[in-house]
Novice: 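I am attaching a structure below and will ask some questions about it afterwards.
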There are 2 protein chains.
Amino acid sequence: MTSRVLNDKDFAGLLQRNQLKVTAPRLGVLKIMADRDSAISQPVLEKLMGAEVDRVTLYRVLKTFEEKGILHKVIDLNGTAHYAICSSNCSEHNHQDEHFHFNCTQCKQVYCLNDMHLPAIHLPEGFEAASVSLSITGVCNHCSKE
Amino acid sequence: MTSRVLNDKDFAGLLQRNQLKVTAPRLGVLKIMADRDSAISQPVLEKLMGAEVDRVTLYRVLKTFEEKGILHKVIDLNGTAHYAICSSNCSEHNHQDEHFHFNCTQCKQVYCLNDMHLPAIHLPEGFEAASVSLSITGVCNHCSKE
DNA sequence: TTACAATTGCAACTTTATTGCATTTAAAAT
DNA sequence: ATTTTAAATGCAATAAAGTTGCAATTGTAA
Ligand SMILES: [Mn+2]
Ligand SMILES: [Mn+2]
Ligand SMILES: [Zn+2]
Ligand SMILES: [Zn+2]
């Protein structure tokens, strides 16, 4: 459930490989993301970043990372945006993030379940699927221990 | 794909059966909902209702209908709230809306796919699922004709 | 008709997100 | 080292979605 892209902690290298300038706001976001095993919500991320970085800059950093295939955005069942490290092999124009998401009702975390795959879906006549997203609500492995 | 609850158009009766007063804002919402074969977004619904009804009242009507099992809320992949008639047999404390939703990228409509059922999902150790929601993005039957 | 709880409308506010523009800065070129 | 400049940031203004408190109104049961 941890990313292969960020665990070497060469954040500057990652930015350079993506033709992005190495800046404090970007490094800050990467550092926070790399330490987690679940997605992080926009509001929480904003708090963690603190006053160091402007809110607008944070939005722009996230948008850029999304476009570059470094992070992906997940909207949870309440409509809150979450961000997570992209699995393995996403790139600028080729996202490969079709995995399940688990929303814990207790700790409110969103987990990417990368290793699960979706059975084929048969749609009614005329409907053409481009992508499929599956969200599960329940209690996560940490919270179910208590 | 059409509701059994509202097609008799006895809106007042429906409200009374749910211990709700028959009021103009509530009848207005039911009338709009009954005519559709897809979910309706909060912003669109607000425009259709026009200045006749206060925004806050609309939010409260929707919340009440949700609690009573008359409507259910779906958050689409952009985080926008949509509302749809509940299928057949939802009631105050027993929602029965575990079906797929189809998000059309062209017309932006959200369709409830009531007649499809989800295959069982095996979660990692410790995770306990309470409910599952599946959203499909693509082109709907109307839009794919063009 | 009356009485009263339920419902509505209004004002104020919060949170999330976007846009335009002036200023700053990382990094490439000299 | 300096210069240069496109890229990135910060700030102010704005918009949209949603919430809360409270006074006024109204549906309905008595
Ligand atoms: Mn994910
Ligand atoms: Mn539905
Ligand atoms: Zn949890
Ligand atoms: Zn469509």
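A, B, ... follow the sequence lines: proteins, then strands. Residue 1 opens every chain.
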Novice: Using side-chain heavy atoms (C-beta onward) and a distance below 4.5 Å, is L45(A) in contact with I32(A)?
Specialist: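 With C-beta onward as the side chain, the pair touches.
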
Novice: Over how many whole Å does the gap from N78(B) atom CG to dA17(D) atom P extend?
Specialist: 12 Å

Novice: I75(A) has an atom CD1; how far is it from atom P of dA17(C), in whole Å?
Specialist: 7 Å

Novice: Taking the six-membered ring for Trp and the single ring otherwise, decide whether the centroids of H82(A) and H72(A) are under 6.0 Å apart.
Specialist: no

Novice: Contacts to DNA chain C from residues 51-59 of chain B, heavy-atom cutoff under 4.0 Å, which residues?
Specialist: E52(B), V53(B), D54(B), V56(B), T57(B)

Novice: Whole angstrom is fine here: how far is it from CG in L62(A) over to C1' in dT9(D)?
Specialist: 14 Å

Novice: What integer distance in Å separates E46(A):CD from dT15(C):P?
Specialist: 10 Å

Novice: Nearest whole angstrom, please: distance from the C1' of dA17(D) to the NZ of K47(B).
Specialist: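 My rounded result for the distance is 11 Å.
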
Novice: CG of L45(A) versus P of dT15(C): gap in Å, rounded?
Specialist: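 Computing the L45(A):CG to dT15(C):P distance gives 17 Å.
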
Novice: Is there a path of hydrophobic side-chain contacts, each under 4.5 Å between heavy atoms of I, L, V, M, F, W or Y residues, that connects I85(A) with M49(A)?
Specialist: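 Same cluster.
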
Novice: Once hydrogens and angles are ignored, does a donor-acceptor distance under 3.5 Å link the base of dG10(D) to the side chain of R60(A)?
Specialist: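 Answer is yes: a donor-acceptor pair is held.
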
Novice: Tell me: CD of Q19(B) to P of dA6(C), nearest whole Å?
Specialist: 12 Å

Novice: Would a hydrophobic clustering, with Ile, Leu, Val, Met, Phe, Trp and Tyr connected at side-chain separations under 4.5 Å, put F100(B) with F127(A)?
Specialist: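 Linked, F100(B) and F127(A) end up in one cluster.
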
Novice: Side chains of L20(B) and T64(B), heavy atoms from C-beta outward: is any pair under 4.5 Å?
Specialist: yes

Novice: Considering only nitrogen or oxygen atoms on both sides, find all protein atoms under 3.5 Å from nucleotides 27-30 of chain D and state each distance.
Specialist:
unit_1: dG27(D); atom_1: N3; unit_2: K21(B); atom_2: NZ; d: 3.4
unit_1: dT28(D); atom_1: OP1; unit_2: V22(B); atom_2: N; d: 3.0

Novice: Can you spot which of H142(B), R36(B), H101(B) makes a side-chain hydrogen bond (donor to acceptor under 3.5 Å, both in side chains) with Y111(B)?
Specialist: H142(B)

Novice: Atom NZ of K68(B) and atom P of dA6(C): how far apart are they, to the nearest Å?
Specialist: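 Between P of dA6(C) and NZ of K68(B): 11 Å.
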
